[in-house]
Amino acid sequence: TPAVVPPGSSFSWNDRIPILFRGDKARDSRTSFARQLSDGSLLFEVDIIATAFFMLSRWEETVVPTRDEHGRFPATASVAYKQGFLDRPIVDEYALILREWLRSLVPGWEPKPRRFSVKLTHDVDLISRFPDSFTALRRLGADLVKRRNPRAVCQTALDATARVLAPTHVSNFRRIRYLAELSRTHGLANAAFYFMAAQPGPLDHDYELASRAVRQCIDSLLKQGFEIGLQASYRTFSDPEQLAAEKAHLDSILGNTRYGGRQHYLRFQAPDTWRYWEHAGLEYDSTMAFADHEGFRCGTCHPFHPFDLVVDQEFNLLEWPLAVMDQTLRSYRKLTPEQSEMCIRELARRCSRVEGAFTLLWHNSSLDGEWEPWRKMLERVVRTLAEMQRVGCAR
């Protein structure tokens with residue numbers, strides 16, 4: 001692989017750099033990435049503009065028909081996965097390379113670097129566990145007779161009792177408070193909690209947004225300085241009317257119309273879903289990660305304005321790229337907590353190297369029971385991420 005930065009650059013680049021598009025006369029791998037011509041101009045043999053547009057617009061998702069059982073474009077169908085660079089924020093890497101060449105052309109120019117940042121996000125899918133008393137009794141019987149799990153029996157009994165006597169003390173509310181305390185303890189005050197505003201359903205959630213207990217929870221989070229956003233329901237990625245109705249419902253609860261959020265199940269159809277979000281009045285989306293594999297779906301970890309390929313213009317909506325989801329690591333990739341910790345650290349390191357933002361999704365329901373071993377891992381990861389943000393560089 002040829003050198004990618006100008007001679008004498010203080011910026012070291014030891015990794016092999018993925019190349020998607022080359023110039024017509026740059027057919028072999030020995031051609032330089034870029035070079036300065038005798039007249040002082042700069043020639044890129046690699047088409048960094050085409051690469052950035054290809055990745056940021058998600059053009060391939062509009063022409064490749066492959067979808068999974070939830071109607072999602074899978075990571076395995078993407079060029080980034082097939083060519084082995086899904087774990088690289090390639091657009092950001094190209095941007096830093098361009099910056100180094102511009103510095104060589106303009107001596108004395110020193111662009112202001114960005115600081116690495118962390119954004120923890122939490123999708124609130126589950127709260128009550130039991131929509132009615134019959135369901136609670138049936139679950140209690142299953143824990144006692146079928147699973148023979150004394151700890152689960154105790155937790156189910158406590159949740160069933162709390163559901164009637166103290167709704168805000170059911171386990172999933174406690175998990176929300178735990179996540180809030182974890183963020184606050186480590187100084188990550190910009191954490192966001194995304195609530196669902198549709199009617200409860202089997203593929204959505206189990207709570208009423210307007211219920212007293214949920215509203216008390218939201219009010220408490222807001223008073224602590226946390227962000228509240230929308231987790232749009234399962235079918236909204238292709239249903240703009242339903243999305244607008246859910247946005248209006250959350251508006252009425254918050255008394256505020258300016259916020260962002262994410263699509264449930266990470267269901268997304270580019271560029272249509274972006275357009276629906278913009279028309280609904282949402283500030284940003286943070287859906288763009290693959291459910292089946294961690295990494296940089298858009299090739300970047302910096303927030304950006306997506307491009308509407310249908311009407312040929314940039315959106316006002318901001319996309320805040322998601323790097324990894326808890327379910328991706330455990331359910332899709334089948335990683336252990338230790339392997340997942342290494343994976344998260346490496347993704348965060350790559351974000352730090354390109355002066356970007358690392359965004360993590362952890363559900364409030366992914367802490368206890370089968371998820372118990374992951375709780376300690378999450379605590380270690382959050383502590384590490386907070387330290388990385390504090391010093392502004394990779395560890």
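Leu43 and Ile48 are not part of a single hydrophobic cluster, where members link through side-chain heavy atoms under 4.5 Å apart. Following chains of ILVMFWY side-chain contacts shorter than 4.5 Å, one can reach Met288 starting from Tyr276, so the two form part of one hydrophobic cluster. In terms of hydrophobic clustering, with Ile, Leu, Val, Met, Phe, Trp and Tyr side chains grouped at heavy-atom distances under 4.5 Å, Leu203 and Tyr207 are assigned to different clusters. Hydrophobic clustering, with ILVMFWY side chains joined whenever heavy atoms are under 4.5 angstrom apart, groups Phe296 together with Leu329. The same ILVMFWY cluster, assembled from side-chain heavy atoms under 4.5 Å apart, contains both Met388 and Leu360.
Nearest heavy-atom pair, Ser340 versus Leu335, reported as atom, atom and distance to 0.1 Å: OG-CB, 3.4 Å. For Leu42 against Ala34, the heavy-atom pair with the smallest separation is CD1-CB, 4.4 Å. Minimum heavy-atom separation, Leu322 to Ala289: O-CB, 3.2 Å. Heavy atoms only, all atoms of each residue included: Glu208 and Pro200 are closest at OE2-CD, 3.6 Å.
Of the possible donor and acceptor atoms, one in the side chain of Thr328 sits under 3.5 Å from a partner among the backbone N and O of Ala291. The backbone N or O of Val118 lies less than 3.5 Å from a partner atom in the side chain of Gln389, making a donor-acceptor pair. Not a single donor-acceptor pair under 3.5 Å links the side chain of Thr236 to the backbone N or O of Asp239. Using a distance-only test at 3.5 Å, with no hydrogens or angles considered, a donor-acceptor pair links the side chain of Ser78 to the main chain of Ala75.
Atoms CG and CZ, from Leu254 and Arg215 in turn, are 9.0 Å apart once rounded to the nearest 0.5 Å. Rounded to the nearest 0.5 angstrom, Leu120 CG and Leu188 CG are separated by 5.0 Å. Once rounded to the nearest 0.5 Å, the distance linking CG of Leu179 with CZ of Arg375 reads 8.0 Å. To the nearest 0.5 Å, atom OG of residue Ser220 and atom CZ of residue Arg177 are 8.0 Å apart. The structure places CE of Met325 at 12.5 Å from CZ of Phe290, a figure rounded to the nearest 0.5 Å. Atoms OG1 and CD, from Thr384 and Glu387 in turn, are 8.5 Å apart once rounded to the nearest 0.5 Å.
Pro303 pairs by the side chain to side chain contact (heavy atoms under 4.5 Å, CB included) definition with Leu318, Trp320, not counting sequence neighbours. Every side chain to side chain donor-acceptor pair (under 3.5 Å) that Ser331 has, sequence neighbours left out, goes to Gln327.
With respect to the salt-bridge test (charged N to carboxylate O, under 4.0 angstrom), the residues Glu246 and Arg235 do not qualify. Ion pair Arg262/Asp285 not flagged as a salt bridge, since none of the NZ, NE, NH1 or NH2 atoms sits closer than 4.0 Å to an Asp/Glu carboxylate oxygen. Ion pairing between a basic and an acidic side chain is recognised when a charged N comes within 4.0 Å of a carboxylate O; Glu278 and Arg275 show no such pairing.
Val354 is not listed as a side-chain neighbour of Thr300, based on a closest heavy-atom distance of 4.5 Å or more. Using a 4.5 Å cut-off on side-chain heavy atoms (C-beta onward), Pro271 and Val310 make contact. Residues Thr359 and Cys301 are not in side-chain contact: their nearest non-hydrogen atoms beyond the backbone lie 4.5 Å or more apart. Residues Thr51 and Ile90 have side chains in contact (heavy-atom distance under 4.5 Å, counting atoms from C-beta outward). Side-chain atoms of Glu355 and Arg115, non-hydrogen and from C-beta on, never get closer than 4.5 Å to each other. Under the 4.5 Å side-chain criterion, counting only non-hydrogen atoms from C-beta, Lys82 is not in contact with Val79. Counting only heavy atoms from C-beta outward, the side chains of Asp47 and Arg22 never approach each other to under 4.5 Å. Taking the side chain as every heavy atom from C-beta outward, Ile228 and Asn256 never approach each other to under 4.5 Å.
The salt bridge (charged side-chain N to carboxylate O under 4.0 Å, His left out) analysis of residues 309-331, with sequence neighbours excluded, yields the pairs Arg330-Glu370. Among residues at least two apart or in separate chains, salt bridge (charged side-chain N to carboxylate O under 4.0 Å, His left out) pairs with a member in residues 53-65 are Arg58-Glu60, Arg58-Glu61, Glu61-Arg297. The ring pair (Phe, Tyr, Trp, His ring centres under 6.0 Å) contacts involving residues 341-365 comprise Trp362-Trp371, where partners must be two or more places apart or lie in separate chains.
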His302/Phe304 under ring-ring contact (aromatic ring centres under 6.0 Å, His included): CA gap, chis, key distance, verdict: CA-CA 6 Å; His302 286 273; Phe304 68 97; over 10 Å; no
ring-ring contact (aromatic ring centres under 6.0 Å, His included) assessment of Phe53 paired with Phe307: CA-CA 9 Å; Phe53 185 80; Phe307 192 82; 5.5 Å; yes
Verdict with supporting geometry, Ile17 and Glu93, side-chain contact (heavy atoms from CB on, under 4.5 Å): CA-CA 8 Å; Ile17 185 76; Glu93 292 179 357; 3.3 Å; yes
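Taking the centre of each ring, His305 and Phe315 stay at or above the 6.0 Å mark. Aromatic pair His293/Tyr332: centroids not less than 6.0 angstrom apart. Under the 6.0 Å cut-off for aromatic ring centres, Tyr178 and Phe173 do not qualify, their centroids lying 6.0 Å or more apart.
Among Arg345, Arg333, Arg350, the single residue meeting the salt bridge (charged side-chain N to carboxylate O under 4.0 Å, His left out) criterion with Glu294 is Arg333.
Grouping Ile, Leu, Val, Met, Phe, Trp and Tyr residues whose side-chain heavy atoms lie under 4.5 Å apart, directly or via other members, leaves Met342 alone, with no other cluster members.
Within the cation-pi definition used here (under 6.0 Å to the ring centroid, within 45° of the axis), Arg267 qualifies as a partner of Tyr234. Judged by the 6.0 Å and 45° rule, Lys247 forms a cation-pi pair with Tyr259.
Side-chain contact of Tyr194 with His264: a donor-acceptor pair under 3.5 Å is absent, judged by distance alone. Gln263 and Trp277 share a donor-acceptor pair across their side chains, judged by distance under 3.5 Å alone.
Surrounding CZ of Arg114 are at most 12 heavy atoms belonging to other residues, nucleotides or ligands under 6.0 Å away.
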